[in-house]
Every structure is written in C-alpha cells, then in structure tokens.
Amino acid sequence: MVQTALVLPAALPAALPTYLPSPPQGVWQVGPIPLRAYALCIIAGIVVAILWTERRFVARGGEPGTVTDVAVFAVPFGLVGGRLYHVATDWPTYFGPGGDPVAALYIWQGGLGIWGAIAFGGVGAWIACRRRGVPLTAFADAAAPGIVTAQAIGRLGNWFNQELYGAPTTLPWGLELYRRVDPVTGAPDNLTGVAVDTTPIAVVHPTFLYELLWNLAVAALVVWADRRFRLSRGRAFALYVAGYTAGRFVIELMRTDPATRVFGDVRINVVVSAVVFLGAVAYLWWVRGPREVFGRAAEAPDGDSGSADDGGGTPDPVARNGSTGDPDEDQRSQNEAEVRLTERSPASAPGGKGGSADASSVDAEPADPQQENDVPAEPPSAAKN
C-alpha cells in the first residue's frame, strides 16, 4: 500500500490569522458627530435587556409596557451610578495631581463600573416599581438574564477601546494590541486614535472576551434554573449576581491593565466580587417562598397556580404537561388560562353566574322554575347552615 503525504501550500499558513486582531479604531467621525463603538454597544445591550425583560415580565402576569416605564428610571440611574463608581475607584485620574475634574463627566470616553450601575439602577427600578404597584423582586427576576446579556454585549465596546486585557500570551486566541495615534496631531491616543498599522505591539489574553462568554453562560444558567425550580422573590436575580461575580473574580485576577488596588496589591474589583458573591449566595440560601402574584395573574382565583414553595424544585405545571419548550410562552399560557377561568360566561360556568357550583349562591338561578314553586323554602336557619 502506497502512502502519500498531504502537502500544503507554503503560503497558506501565512494567510491564516494567528491571533485575534483588534479593531483599528473605536470612534468614527460622522460630520461633527463622533460615532463611538463603546456607546453603541452599551445602547444595543440596553435594548436587548428591555425586550427580553418585557417578554419574561409579561409571561409572569405583568402588564405590557411596564418594563419600558421602569427602564425610563433604571437606565439613567444606572448610568450615573456606573460613572460614580468608576470615578470613586479611580479618583486620582480626575482629582489627583495633574488630574482633570471636568473629565469625570465625560461618560462617552468609557469608564462605567457595573457595581454602581446595578446598585443605582436598582434604586431607579424600585422607584418605578412602586409607582406601578409591581414587586421589585418579581421585576428583578424577570430582568436577570437580560441584564447579564447586556453586560456581554457591552464588553464588545472594550474590544474596540483596546481595554480590559490580560498578560501576554502565545495562545491562538491572544488579542493583538495596536499603536493608535491621533490622525491630526500624530500623538498617541488609544481611545479615539487610529491604528498606524496592524503590527501588534503586544499579544495579550482577551479577558473582555472571557467575561463576554461567561456572561452568556450565566444568562443560560438563570433561564434554565428559573424554568426548572420556578425561582421567585429575587432568587433568579441573586443567581445571576452569584454567577457573574464568581467569574468576574477569576477574570479580574488575570487582568493586567491599570486599575485601583487595595490591601497592598489587590485589584479593588477582586474584593468587591468576593463580597457581593457571598451576599448573593446567602440570599439564595435563606430566601424561600412562592412566586409573587401581581398584575393579570392576581385576577386568577388562586393567583399563580405553581408550586406553593419553590424551594422543593417543582417544575412549572405547563412544562410538565404540553410544554412548548419556551419557558416564557409556557408561563404566559398558564397565566392566560387562569384569567380565562375567571371570565367564563354564565352559560359555560358550572354553577351559573360567576361560575359558582353552590346551588345556594345568591347569583345561582334555579334549573327548573316549576321545581322552585313545588319545593317549600328552607327555614332561615337551614339556609345559613
């Protein structure tokens, strides 16, 4: 048997990309308006979070449009909180020697701390939920997978800005960093500049990509656990927080880009991740109870017909019988069936008007008028009994 060796063209290896390239720039000038990739990624993430949260919230019995009303409060609060956290943890850049305090307002130049964004965004959501009569925990559970997905989309903005990277690496998915300069002055400008050429000045771990993929995995985990265990009272949100901070803790240890350090030489986000993780796990452990009943689901005779206590891990009844495979559609079908049950017409109700099966109900009509005349009335005491 004759064996022949497979010979590849000599030019083929050189044509294949060796590492992950960085975009040559992150800002494009459209007339007088700068179009920033970082801002576009943040906006795209917010839109995805609102749309997904709306679907999950309505499936739980919420009124359509409520999520948009809450977002009007939560998003501005979140942006302010994210910026405040960034400025507070990197204050020498703005208020230290040679710093520029006015630059603390330049949110379009990047710098949003997720911890401040979630905390202040939660305050805005709480205000809006009180105005709409919606339990904040129920809203948070609906929003959890959308929020972490929005964070994943936002991490693409860090790719355009050449930030959030790790130590040098020779792995095939290493990120190439390019030298960027201001096209007018030629001065180095990593944020708004343009790459001089595609010759990398370093190849590093793309920790922004690691976090992006981890966030998507956390979103999938929350959706699965919410469907399997019918998480309630903020436990889906707590699961998101615990999952996200666990990954963030590890990824922060890999990063080598500049950051505020505490306790000697520990990145501040490592400490915050650990503290928030412990708080989220404690919440998951201690909080129990059935799903909150509100909105359209509150009109059903028994509220949410799910398990009385989700701590036992009882799956959704719709998921057990005739599931569509989509937890949001299953929940929506269940809620609509409960509402229809309360709105049955007198003809279709088993006991006459109002669906009462009790023949002594004040709304019940006699089945036979003649029978009503032939049978003597019960004494008042018997009617009461």
Side-chain angles (χ1 to χ4, degrees), residues 13-14 16-27 37-38 41-42 45 82 85-93 96 109-117 148 151-181 187-218 242-278:
L16 295 175
T18 306
Y19 298 112
L20 176 67
S22 290
Q25 63 192 96
V27 182
Y38 182 85
C41 291
I42 295 295
Y85 179 87
H86 168 75
V87 173
T89 56
D90 196 22
W91 64 268
T93 302
Q109 292 186 356
L112 293 174
I114 185 61
W115 318 110
V148 72
Q151 292 175 230
I153 297 173
R155 282 303 177 218
L156 288 174
N158 301 127
W159 179 44
F160 282 92
N161 284 356
Q162 287 196 152
E163 56 189 1
L164 270 68
Y165 51 83
T169 182
T170 57
L171 293 172
W173 57 82
L175 176 67
E176 295 181 345
L177 298 181
Y178 305 141
R179 179 174 178 267
R180 291 179 176 179
V181 299
D189 187 349
N190 183 64
L191 186 62
T192 61
V194 180
V196 177
D197 54 50
T198 56
T199 302
I201 58 176
V203 179
V204 296
H205 277 283
T207 51
F208 81 90
L209 179 60
Y210 300 161
E211 185 172 334
L212 185 158
L213 297 175
W214 178 261
N215 289 348
L216 295 178
V218 171
Y244 170 74
T245 51
R248 181 68 182 267
F249 180 88
V250 176
I251 293 171
E252 279 290 330
L253 294 175
M254 300 177 61
R255 288 174 55 178
T256 58
D257 54 324
T260 302
R261 298 178 180 271
V262 295
F263 303 123
D265 194 29
V266 181
R267 298 172 70 95
I268 190 171
N269 284 330
V270 172
V271 177
V272 176
S273 295
V275 172
V276 177
F277 172 80
L278 293 176

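Taking CG from L209 and CG from L164, the interatomic distance works out to 11.5 Å, rounded to the nearest 0.5 Å. Between the CD1 atom in I251 and the CG atom in N269 there is a gap of 11.5 Å [rounded to 0.5 Å]. Annotation: the span from W115 atom CH2 to I268 atom CD1 amounts to 11.0 Å, rounded to 0.5 Å. The distance from the CG atom of L216 to the CD atom of Q151 is 10.5 Å, given to the nearest 0.5 Å. The CZ atom of R255 sits 7.5 Å away from atom CD of E211, with the distance rounded to the nearest 0.5 Å. E163 CD to L177 CG: the interatomic distance, rounded to the nearest 0.5 Å, is 11.0 Å.
In terms of heavy atoms, L112 sits closest to H86 at N-CB, 4.3 Å. Between Q162 and S22 the shortest heavy-atom distance is OE1-CB, 3.5 Å. Of all non-hydrogen atoms in H205 and L171, the two that sit nearest each other are CE1-CD1, 3.6 Å. A pairwise comparison of heavy atoms in P206 and G174 identifies CD-CA, 4.3 Å as the closest pair. Between P200 and E176, the shortest heavy-atom distance links the atoms CB-CB, 3.9 Å. The two residues L212 and R155 come nearest to each other via the heavy atoms CB-CB, 4.2 Å.
L253 is listed as a side-chain neighbour of V270, based on a closest heavy-atom distance under 4.5 Å. No side-chain heavy atom of V276 sits less than 4.5 Å from a side-chain heavy atom of R248. Contact of the V196 side chain with the Y178 side chain is not registered, since no non-hydrogen atoms from C-beta on lie closer than 4.5 Å. T169 has its side chain out of reach of Y19: every pair of non-hydrogen atoms, C-beta onward, lies at least 4.5 Å apart. For the pair L175/W159, a side-chain contact is recorded, criterion being any heavy-atom separation below 4.5 Å from C-beta on. The closest side-chain heavy-atom distance from Y38 to L156 is not below 4.5 Å. When side chains are defined from C-beta on, V272 counts as touching Y85, because their heavy atoms get closer than 4.5 Å. Residues R180 and N190 have side chains in contact (heavy-atom distance under 4.5 Å, counting atoms from C-beta outward).
By the 6.0 Å contact criterion, CH2 on W214 is open, its count of non-hydrogen atoms from other residues, nucleotides or ligands being 12 or less.
For Y165, there are no side chain to side chain donor-acceptor pair (under 3.5 Å) partners two or more places apart in sequence or in a different chain.
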